[in-house]
There are 2 protein chains.
Amino acid sequence: MGKLERHATIADVAALAGVSVGTASKALNGRGSLREETRMRVREAARQLSFEANAGARSLHSGRTYTVGMITTDTIGRFSIPVLMGAEDALGAGEMSVFLCDGRDDPIREQYYVKTLLSRRVDGMIVTGRRTEARAPIGANLPVPVVYAFISSADPGDCSVVPDEAGGARKAVEHLLAVGRTRIAHITGPEHHNSARVRAAAATERLAEDGLSLVAPPLFGGWSEVWGRQAVGILLAGRTEFDAVFCGSDQIARGVCDALRAAGRRVPQDVALIGFDNWDVMTEACQPPLTSIDLDLEGLGRSAAQMLLAAINGSPSPGRHAHPCRLVVRESTVRESTTVPLP
Amino acid sequence: MGKLERHATIADVAALAGVSVGTASKALNGRGSLREETRMRVREAARQLSFEANAGARSLHSGRTYTVGMITTDTIGRFSIPVLMGAEDALGAGEMSVFLCDGRDDPIREQYYVKTLLSRRVDGMIVTGRRTEARAPIGANLPVPVVYAFISSADPGDCSVVPDEAGGARKAVEHLLAVGRTRIAHITGPEHHNSARVRAAAATERLAEDGLSLVAPPLFGGWSEVWGRQAVGILLAGRTEFDAVFCGSDQIARGVCDALRAAGRRVPQDVALIGFDNWDVMTEACQPPLTSIDLDLEGLGRSAAQMLLAAINGSPSPGRHAHPCRLVVRESTVRESTTVPLP
DNA sequence: GTGAAAGCGCTAACAA
DNA sequence: TTGTTAGCGCTTTCAC
């Protein structure tokens, strides 16, 4: 057979089948009315030539390309991936192909990508990023719909799908209350980070609804294990007693866990511990395994993609949509894991 | 202005500028010889209409789409990402757009993507995956060049760019020897995993070159921290003395580190410790920070993309290409970090 | 220096 | 049932 030199065209197929291109087109797309024998003959010719219709030429008529662009505003990372995957999954099911564009925190590069995507006549775009903060819209009066996923647009009229971080923080607190803890500390990331502020505020608020408050003001620091360990030092140096720690991330929680153990406090007997993000690497390696809040990023991405598909089909969903978080219980908050191992 | 209803065509631009479409085309692409005034007038009209030439229509002539497909054979994960990013980076610089296709370990899905990409007339494809093992070629006699990155093709004639894991393992051993250790243990992932076997064999071989051997047969297990901790238990239960541990991954090394500390052995004074992958999450959280081997996946992806670009331009690089690994020294092998902090 | 016309690969009217 | 034709948006001869 040898390596094919060029793609077969529908003219090649028509010639081989001994019909006109119009007939070949109908046969391959199931349009018009043709003799079954003719249809088969054309199909067979197409198969023989490994014919795949040129999508570009095709979209010249339909006006649609069945492609979408995904732009990450900052470098692709641990949070963008599941979002991208969820979106890719939902779009693939919708027969859409996805252009991946890594913005790398560079607005110039980002605008370049927007132009490129428009020249490729994508049917829509998804914009995502590493942080949940609002960002400037990627463009004004774009000729195609845009959905922001994880990150949100500063324009409230734009469609944004964001994790319900406040709801997640409330679930964390409610879980700690449900297992009988009332003296709760909160250790989290840097105060300038939107997620840290939102989660801390929501936790405080939820406690207030039960007439409680954090045993100490939230400890803002970094998102790292190192900070988790340091923060425990600070907490223990103070006189405040605590029977639970709600952490702004799993990495922090892991650091907290290690430091508590080193200080002779047992988890969960003396201190119940809950993280945020439900990152398997951390929740599994933690001793004991870590209870956490799952952002369901893949579901979020899928949901964003579905909204984009709807918008492309003329039914936009303007505004900010909060995607719910899930509580995942493990042994850092309850003695025995509630999950029953499979037999 | 209001939301644009449709994309402007070159006919719109020509009409607004009061010239023919042919002239407009020349003006916008810098072809032919036109009066400077005309050129400017057309450019201005294009700007006013936010005109972006339809790439699909354009490629109808050029025969090239300036797009490539990236297919991950299995789910996109920690190893595929940097490869994808490096490739996207190199391709973007080459004015190429990238179609992202997540194979999800499903051969059916994978073949579906290959067909889709061919119908979109991509100029080439990059195939990647989570493991370094060889895999069946993605297709035979494809009309466009294919480069395998990280993963490799079972067909030795295909172009594959893979990390030089054996070289990395040798560098790890050489570093341990250089810091004066000779009684080296090796703890790594499952024996059925290609990377585990290759790294263990290379380490053994390198030691043999100096008339040495591992203090015990390689301990194969899982890639997790949990296994690292368990393995230390096994090692200590045996009578064999050791002054260094070479681990098959950073997660294992981290587990080893924690367990050694718990057992009263100091790192690096009593035991020097080196990991593999140079995963920042682990190397930084480890106490002390972990020396490791970096696969330079982003560089590998970039290199693969460049080979693809070359192949598209008629200069293929058939065969298997080993991409070198880098040693990154931190405090788990030397008392004071050799990296000088910036002032 | 500019316009008219053909053609890239395909689909969809309309004829035959 | 099938073939012919026009046209999607663009580039590129070739006349003028």
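Letters go in sequence order (proteins before strands), and every chain restarts at 1.
- Checking A:Val21 against A:Arg39, the closest nucleotide of DNA chain D that is more toward the 5' end is the one next to A:Arg39.
- Contact annotation: A:Thr23 side-chain N/O to D:dT2 OP1/OP2 distance is not under 4.0 Å.
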CA sep, side-chain torsions, deciding dist, call: B:Val144, B:Asp123, side chain to side chain contact (heavy atoms under 4.5 Å, CB included): CA-CA 6 Å; B:Val144 295; B:Asp123 296 331; 5.9 Å; no
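- Between the P atom of D:dG9 and the CZ atom of A:Arg64 lies a distance of 16 Å, rounded to the nearest Å.
- Between the C1' atom of D:dG9 and the CD atom of B:Glu52 lies a distance of 14 Å, rounded to the nearest Å.
- Between B:Arg35 and C:dT2 there is a side-chain polar atom (N or O) within less than 4.0 angstrom of OP1 or OP2.
- Within the structure, every side-chain polar atom (N or O) of A:Arg31 is placed at least 4.0 Å from both OP1 and OP2 of C:dT11.
- In the set D:dG3, D:dG9, D:dC10, D:dG9 carries the atom at the smallest distance from any side-chain atom of B:Leu60.
- The distance between atom NE2 of B:His7 and atom C1' of D:dG9, rounded to the nearest whole Å, is 12 Å.
- In the helix from C:dG1-D:dC16 to C:dA16-D:dT1, the rotation axis of the first five pairs and that of the last five pairs differ in direction by 50°, rounded to 10 degrees.
- In this structure, A:Ser20 does not reach the D:dT4 phosphate: none of its side-chain N or O atoms is under 4.0 Å from OP1 or OP2.
- Rounding to the nearest 0.5 Å gives a distance of 8.0 Å between CD of A:Glu52 and OG of A:Ser50.
- Residue A:Thr9 has no polar side-chain atom (N or O) positioned under 4.0 Å from OP1 or OP2 of C:dG9.
- To the nearest angstrom, P of D:dT13 lies 11 Å from NE2 of B:His61.
- Using a 4.0 Å heavy-atom criterion, one finds that B:Thr38 contacts the sugar-phosphate atoms exclusively.
- Here the side chains of A:Arg120 and B:Tyr66 are in contact, with some heavy-atom distance below 4.5 Å.
- Taking side-chain N and O atoms only, B:Ser25 has no distance below 4.0 Å to OP1 or OP2 of D:dC10.
- Residues A:Ser20 and A:Thr23 have side chains that bring a donor and an acceptor to within less than 3.5 angstrom of each other.
- Atom CD of B:Glu37 and atom C1' of C:dT2 are 13 Å apart (whole Å).
- Here C:dC10 presents its C1' atom at 18 Å from CZ of A:Arg121, a figure rounded to the nearest Å.
- When distances run from any side-chain atom of A:Phe51 to the nucleotides C:dC10, D:dG3, D:dC10, the shortest one goes to C:dC10.
- If A:Lys26 and A:Ala55 are placed on DNA chain C by their nearest nucleotide, the residue sitting closer to the 5' end is A:Ala55.
- No side-chain heavy atom of B:Asp296 sits less than 4.5 Å from a side-chain heavy atom of B:Pro163.
- The closest side-chain heavy-atom distance from B:Leu60 to A:Leu60 is below 4.5 Å.
- Here D:dT1 presents its P atom at 11 Å from CD of A:Glu36, a figure rounded to the nearest Å.
- Between the CD1 atom of B:Ile10 and the P atom of D:dC10 there is a distance of 6 Å, rounded to whole Å.
- Within the nucleic acid shown, B:Ser59 has no heavy atom closer than 4.0 Å to any nucleic acid atom.
- Residues A:Met85 and B:Ile76 are in side-chain contact: their nearest non-hydrogen atoms beyond the backbone lie under 4.5 Å apart.
- Ion pairing between A:Glu88 and A:Arg302 fails under the 4.0 Å rule for side-chain N and carboxylate O.
- Between C:dC8 and A:Asn54, no contact under 4.0 Å exists linking OP1 or OP2 to a side-chain N or O.
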